[in-house]
Amino acid sequence: MAMVAIGENGGAATPPPDHRQTAADGGKTDLVCNSRDSPSSSDRPVRVYADGIYDLFHFGHARSLEQAKKSFPNTYLLVGCCNDEVTHKFKGKTVMTESERYESLRHCKWVDEVIPDAPWVINQEFLDTHRIDFVAHDSLPYADTSGAGNDVYEFVKAVGRFKETKRTDGISTSDIIMRIVKDYNQYVMRNLDRGYSRKELNLSYVKEKRLRVNMRLKKLQEKVKEHQEKVGEKIQTVAKTASIHHNMWVENADRWVAGFLEMFEEGCHKMGTAIRDTIQERLRGQQGRDLLGNGNDSDDEEYYYESGDEYYDDDEYYDSDEK
């Protein structure tokens with residue numbers, strides 16, 4: 001059964017307005033006055049502005065917005081987000097598109113209003129247009145568009161309208177991307193196993209087969225290790241059952257186990273080598289047919305170096321420390 005609030009006059013009370021909105025709506029709540037009003041005035045929220053790229057939106061972003069929202073007891077938080085064109089020009093390639101980054105911000109509970117296509121550098125006109133009282137960001141300097149190394153927030157700091165927030169250690173967009181790059185092969189195999197095609201993952205035929213062979217060999221090594229542990233457990237069980245003197249058993253068991261494992265590992269190595277040689281032979285045949293039928297493979301544009309399951313590519317790496 002729905003519950004209805006009753007006002008002082010006995011009628012249904014009007015619910016308080018929802019102040020969350022998007023700049024694209026063009027509307028402004030009556031509770032927010034012009035920035036010329038005193039921010040300490042109790043009859044209106046203090047309008048605080050925070051901006052950034054917010055790529056791969058994470059809890060570090062959310063915490064900074066929480067700090068901005070709690071700058072004053074009554075705060076209306078506007079969050080500006082730069083579009084793809086500006087971001088790619090001054091910062092680098094993003095993982096998420098501008099629309100995805102805008103939508104992520106709209107679902108953050110601390111945000112009252114999202115301003116798309118935010119400027120890289122804030123000026124007085126922008127502050128007046130959105131009636132901004134304070135700008136909240138961490139205190140690190142961020143380069144403007146002049147190329148002279150000037151701070152993006154130099155203007156608001158100079159006029160005393162800057163509110164400092166603290167960064168969250170241990171998390172950033174660059175950290176997340178670095179984790180993916182570091183374990184590239186594992187994430188590629190993860191997506192291949194989930195049904196993604198090699199074309200969707202930008203993999204050549206040879207590279208896909210090479211990754212699959214490496215992963216199979218890795219699984220084989222894990223099985224060998226698991227079998228070794230089981231053999232050790234069984235030997236210990238037999239020793240306890242037979243009540244053999246501990247020192248005598250250890251002397252004999254070490255020799256028996258070492259001999260068995262040596263033979264077992266040698267057999268696994270020979271089997272793995274045979275499997276790899278067979279697959280590589282088939283790959284060379286397939287690659288030769290592809291070259292004859294389709295010309296040079298697109299692999300010539302990439303370099304692949306495998307050592308400790310690491311991947312390196314000639315594409316630009318996006319350094320994404322938050323703006």
Should [X] and [Y] count as an ion pair when the cut-off is N to O under 4.0 Å?
| X | Y | result |
| --- | --- | --- |
| Lys166 | Glu164 | yes |
| Lys70 | Glu66 | yes |
| Arg106 | Glu103 | yes |
| Arg47 | Asp133 | no |
| Lys157 | Asp151 | yes |

Atom pair [atom1] ([X]) and [atom2] ([Y]), whose distance is rounded to the nearest 0.5 Å:
| X | Y | atom1 | atom2 | value |
| --- | --- | --- | --- | --- |
| Met215 | Asp193 | CE | CG | 7.5 Å |
| Gln67 | Arg167 | CD | CZ | 11.5 Å |
| Gln124 | Thr129 | CD | OG1 | 9.5 Å |

Would you confirm whether [X], through its side chain, and [Y], through its main-chain N or O, come within 3.5 Å as a donor-acceptor pair?
| X | Y | result |
| --- | --- | --- |
| Thr173 | Leu56 | no |
| Lys69 | Tyr76 | no |
| Gln280 | Asp277 | no |
| Asp112 | Leu77 | yes |
| Arg198 | Leu203 | yes |
| His130 | Leu127 | no |
| Gln186 | Asp183 | no |
| Asp55 | Met96 | yes |

**Report entry** Contact summary for Leu65 and Cys108, nearest pair of heavy atoms
**Finding:**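 Minimum heavy-atom contact is CD1-SG, 4.1 Å.
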State which residues pass salt bridge (Lys or Arg N to Asp or Glu O under 4.0 Å) with [X]; sequence neighbours excluded, sorted by chain then number.
| X | value |
| --- | --- |
| Lys225 | none |
| Glu281 | Arg284 |
| Glu154 | none |
| Lys230 | Glu226 |

Report task. Give me the one residue out of Phe162, Tyr153, Phe134, Phe126 that meets ring-ring contact (aromatic ring centres under 6.0 Å, His included) with Tyr49. Result ->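 Going through Phe162, Tyr153, Phe134, Phe126 one by one, the ring-ring contact (aromatic ring centres under 6.0 Å, His included) with Tyr49 is satisfied by Phe126 alone.
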Query - Any donor-acceptor N or O pair under 3.5 Å, side chains Thr165, His137 - result: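 There is no such pair between these side chains.
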Query raised in the report: What pairs meet the salt bridge (Lys or Arg N to Asp or Glu O under 4.0 Å) rule with one or both residues in residues 71-89, with sequence neighbours excluded?
Result: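 Matches after skipping sequence neighbours: Asp84-Arg101.
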Requested in this report: Evaluate the ring planes of Phe57 and Tyr54, with Trp represented by its six-membered ring, and classify them as parallel (under 30°), tilted (30 to 60°) or perpendicular (over 60°).
Outcome: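 Tilted: the ring planes of Phe57 and Tyr54 meet at 30° to 60°.
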Query raised in the report: Going through the checks in order, is the side chain to side chain donor-acceptor pair (under 3.5 Å) test met by Ser174 and Ser172?
Result: CA-CA 5 Å; Ser174 293; Ser172 69; 4.7 Å; no
Query raised in the report: Gln221: what forms a side chain to side chain contact (heavy atoms under 4.5 Å, CB included) with it, not counting sequence neighbours?
Result: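 With sequence neighbours excluded, Gln221 shows a side chain to side chain contact (heavy atoms under 4.5 Å, CB included) to no residue whatsoever.
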